[in-house]
Q: 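Before we start, here is the structure in question, set down as structure tokens.
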Amino acid sequence: MGSYKNERLIRWYDDIPCPVCGVERTNSWEKRISRALGYKAIVCEECIAKEYGMTVEELRNVMQEHFGLLPCPGI
């Protein structure tokens, strides 16, 4: 998973795994970026970044600059 400064500030979905890599839990940030990009399921940010040929940090920057989405507190 990506680097999270304070995991307690992010809402975790323990019952929703990433459909691509199978990571056991996803979070509220991944839900927001998945929706913005038109995914039907919550995909982890590492899989999204990999799909677009970016690092997780680059993906976060693109989401902020082009979509106006600020990462959840703790990211």
Side-chain angles (χ1 to χ4, degrees):
M1 276 190 241
S3 173
Y4 302 104
K5 295 174 187 165
N6 188 343
E7 291 193 18
R8 291 178 291 162
L9 297 176
I10 302 169
R11 180 164 182 202
W12 289 94
Y13 306 112
D14 293 329
D15 57 338
I16 303 174
C18 174
V20 178
C21 71
V23 69
E24 292 185 15
R25 64 183 192 163
T26 53
N27 62 49
S28 53
W29 170 245
E30 293 164 335
K31 181 178 181 179
R32 289 174 63 208
I33 61 177
S34 292
R35 283 186 177 172
L37 295 171
Y39 289 91
K40 292 183 180 182
I42 301 174
V43 177
C44 75
E45 68 178 343
E46 287 188 11
C47 288
I48 294 172
K50 186 176 180 180
E51 180 176 347
Y52 288 96
M54 303 178 181
T55 65
V56 169
E57 191 61 36
E58 289 171 330
L59 174 65
R60 291 175 184 173
N61 289 335
V62 167
M63 296 310 294
Q64 183 172 351
E65 291 175 23
H66 296 284
F67 290 88
L69 294 177
L70 297 172
C72 295
I75 293 210

Q: Any sub-3.5 Å donor-acceptor pair from R60's side-chain atoms to L70's backbone N or O?
A: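 Not a single qualifying donor-acceptor pair exists.
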
Q: Look only at the side chain of S34 and the backbone of V43, and say whether a donor-acceptor pair between them is shorter than 3.5 Å.
A: yes

Q: Looking at every heavy atom in both P17 and G22, which two are closest together, and how far apart are they?
A: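 In terms of heavy atoms, the two residues are closest at CB-O, 4.3 Å.
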
Q: Can you spot which of R35, R25, E45 makes a side-chain contact (heavy atoms from CB on, under 4.5 Å) with E30?
A: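 So, applying the side-chain contact (heavy atoms from CB on, under 4.5 Å) to E30 and each of R35, R25, E45, only E45 qualifies.
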
Q: Can you check side-chain contact (heavy atoms from CB on, under 4.5 Å) on Y13 and S28, steps first, answer last?
A: CA-CA 8 Å; Y13 306 112; S28 53; 4.0 Å; yes

Q: Which heavy atom of N27 sits nearest to which heavy atom of I42, and what is that distance?
A: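 Taking N27 first and I42 second, the nearest heavy atoms are O-CG2, 4.4 Å.
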
Q: Donor-acceptor pairs under 3.5 Å, side chain of residues 48-55 to any protein atom, not counting sequence neighbours: which ones?
A:
residue, atom, partner, partner atom, Å
E51, OE1, Y39, OH, 2.6
T55, OG1, E58, N, 3.0
T55, OG1, E58, OE1, 3.4

Q: Counting distance only, does the side-chain N/O of T26 pair as donor-acceptor with the main-chain N or O of I16 below 3.5 Å?
A: yes

Q: Less than 4.5 Å apart, any side-chain heavy atom of E46 and any of V56?
A: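 Yes - at least one pair of side-chain heavy atoms lies under 4.5 Å apart.
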
Q: Check whether any side-chain heavy atom of W29 sits under 4.5 Å from a side-chain heavy atom of R11, and report yes or no.
A: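 Not in contact.
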
Q: Once rounded to the nearest 0.5 Å, what's the spacing between atom SG of C44 and atom CD1 of I33?
A: 8.5 Å

